Amino acid sequence: MISVEEALARILAEIAPLPTVRVPLSEALGLVLAEDVIAQEAIPPFDNSAMDGFALLSQDSKQQQDQPPRLKVTGTVAAGYVADHAVEPGTAMRIMTGAPVPPGADTVIQVELTRHGGPESDWVEILQEVKPGNNIRPAGEDMRHGQLILPRGTEIGAWEIGVLATLGWASVPVTRRARVAILGTGDEVIEIDQPLQPGKIRNSNSYLLEAAVRRAGAIPERLGVARDTVESLREKFSQAINADLILTSGGVSVGDFDLVKNIMSEQGEIQFWRINMRPGKPVAFGHIGTVPLLGLPGNPVSSAVTFELFGRPILRKLQGHTHLLKPQIEVTVEDGVQERAMRRHYVRAYVKWQDGKFVARTTGNQGSHIMTSLLQTNALLIVPEGGVAVQPGDTVQAIMLDWPEDAS
Ligand SMILES: Nc1nc2c(c(=O)[nH]1)N[C@H]1C(S)=C(S)[C@@H](COP(=O)(O)OP(=O)(O)OC[C@H]3O[C@@H](n4cnc5c(N)ncnc54)[C@H](O)[C@@H]3O)O[C@H]1N2
Ligand code: MOO
Ligand SMILES: [Mg+2]
């Protein structure tokens, strides 16, 4: 059995980023930018007003002894329009937020600091002196022409999409989304809409993996369940030749009907089999043809956890990410972990911030067939190899799968 670190290193050495494609901006969320984004225009494109008010010469706002300066209002410039004349000394123009500052004006006073006769009146009194540049958002203040805004390799989130839209990137070059074939195996496994028959169970793994693949930004394709025969596996694998990754669940341990490895040997190769971990010991990795195959264990928790530890990093690397792993932090274990296995144990737990530290509570029975141990889980506690017992109050490393929303 190899270590988790060695398994991950050997897997990732076989994975290269997928080609670049151009996608419409609204399909780019979660993908990785494949080229630098350089601003081709200044943003804002023009000096514009930050406030609804009046554009004027700052010198006209100097307060006098007896009464506030009174200026002639010569017109209005609304957002989306350009003033058709300049602001002269002794005059002002109404201006709306976002509107281009008219020539001649060097400042904007917000309407709350003025007195006027209403939107149609032709005068305004300036109740406070304003400096040059006041309430003006100068052209290029956010992005300058020629400036590098988003380097290639950036993961595109909603806010990056906003910046790309600002710069007019209606489509964007990204590393292509991975296509993932998902295959269940086992004569005991039936479709989830079927009534249970004696000895049968539902194909929960394929649906869990489909959702986990989607969450990793990739495109899952469930290929159903292969029977426990090499013919059935061969037939299913023949449907997966265009996939970028094949995920199987089940049939990788030492049972008489554990045939996934047989097909890997026949149609590709096995890089390794069995990892010194729990859950997830019988993981196999190799290729079918040139397509990488990650053979996950049948036990549902094993499938879920080993996808998280190996499947997700594969998809991250295929899709061009440089950060492949979830963050790891130190947590204090509230309820302890009585360890049996000598293998490294990934314990499902809920971690939250409490009294100035991250505190973990395990999610109950940790059997690799106990699906409810996955519920409420937002972290995997790492109990080191060697059958280490973790007492309440001990600290361990935890892989944070999701951050607690109630981090209060
Ligand atoms: N003598 C030994 N037996 C087992 C060993 C071992 O080292 N020596 N390893 C155990 C460990 S650890 C695991 S994990 C399992 C994994 O074995 P397989 O990958 O071959 O999984 P299967 O035998 O096909 O199924 C295991 C279990 O999971 C259920 N299953 C299978 N597919 C699905 C599915 N799509 N959805 C839901 N549940 C599924 C299956 O019915 C079995 O109950 O091997 C141990 N055995
Ligand atoms: O690897 Mo198994 O998942 O320990 O049950
Ligand atoms: Mg088996």
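Residues: numbered from 1 along the sequence shown. Please read all numbers here as calculations on a predicted model, not as lab measurements. Remember, it's 1-based here, ligands and their atoms both numbered in the order they're listed.
The aromatic rings of His116 and Phe54 lie tilted to each other, with the angle between the two planes from 30° to 60°.
At the shortest separation from atom 5 (O) of ligand 2 among protein heavy atoms lies Ser368 OG, 2.6 Å. Closest to atom 22 (P) of ligand 1 among all protein heavy atoms lies Gly251 N, 3.7 Å. Protein heavy atom at the shortest distance from atom 4 (O) of ligand 2 is Arg343 NH1, 3.1 Å.
Here the protein contributes Asp258 OD1, Asp258 OD2 as N, O or S atoms under 2.8 Å from the Mg ion (ligand 3).
Using a 4.0 Å cut-off to heavy atoms of Asn299, the atoms of ligand 2 that qualify are 5 (O). Near Pro282, meaning under 4.0 Å from any of its heavy atoms, are these atoms of ligand 2: 1 (O). Using a 4.0 Å cut-off to heavy atoms of Ser302, the atoms of ligand 1 that qualify are 14 (S). Ligand 1 places these atoms under 4.0 Å from at least one heavy atom of Thr185: 32 (N). Near Val189, the atoms of ligand 1 lying under 4.0 angstrom from a non-hydrogen atom of the residue are 32 (N), 33 (C), 35 (N). Each of the atoms 13 (C), 14 (S), 15 (C), 26 (C), 27 (C), 28 (O) of ligand 1 lies under 4.0 Å from some heavy atom of Asn299. Short contacts between ligand 1 and Arg202, defined as distances under 4.0 Å to a heavy atom of the residue, involve ligand atoms 36 (N), 37 (C).
Proximity of Ile201 to ligand 1, defined as any heavy-atom pair under 4.0 Å, is confined to the side chain (atoms from C-beta onward). Of all the heavy atoms of Pro282, the ones lying under 4.0 Å from any atom of ligand 1 belong exclusively to the side chain. Contacts of His369 with ligand 1, taken as heavy-atom pairs under 4.0 Å, are absent altogether. Looking at Val252 against ligand 1, both its backbone and its side chain come within 4.0 Å, counting heavy atoms. When non-hydrogen atoms are compared, ligand 1 lies under 4.0 Å from the backbone of Asn205 as well as from its side chain.
For Leu259, the side chain to side chain contact (heavy atoms under 4.5 Å, CB included) partners at least two apart in sequence or on another chain are Val230, Leu233, Asn262.
If you take CG on Leu57 and NZ on Lys62, they are separated by 10.5 Å, rounding to the nearest 0.5 Å.
Distances between N or O atoms of Ser204 and those of ligand 1 include at least one value under 3.5 Å. In terms of polar-atom proximity, Pro279 is not counted as a contact of ligand 2, lacking any N or O under 3.5 Å from an N or O of the ligand.
The existence of a salt bridge linking Glu334 and Lys352 is excluded, since no basic side-chain nitrogen approaches an acidic carboxylate oxygen closer than 4.0 Å. Of the charged side-chain nitrogens involved, none lies within less than 4.0 Å of a carboxylate oxygen, so that Glu308 and Arg215 do not count as a salt-bridged pair. Between Glu35 and Arg152, no side-chain nitrogen of the basic residue sits less than 4.0 Å from a carboxylate oxygen of the acidic one, so the salt-bridge criterion is not met.
Listed for the Arg10 side chain is a donor-acceptor partner under 3.5 Å among the backbone atoms of Gln271.
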Worked check of salt bridge (Lys or Arg N to Asp or Glu O under 4.0 Å) between Arg344 and Glu5: CA-CA 11 Å; Arg344 182 184 306 176; Glu5 285 71 23; 2.8 Å; yes
Could you go through the side-chain hydrogen bond (donor to acceptor under 3.5 Å, both in side chains) check for Arg348 and Thr363 one step at a time? CA-CA 6 Å; Arg348 278 75 71 206; Thr363 58; 5.3 Å; no
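Using a 4.0 angstrom heavy-atom cutoff, Ser249 counts as in contact with ligand 1.
Side chain to side chain, Asp106 and Ser58 meet the donor-acceptor criterion of an N or O pair below 3.5 Å. Residues Ser3 and Asn276 have side chains that never bring a donor and an acceptor to within less than 3.5 angstrom of each other.
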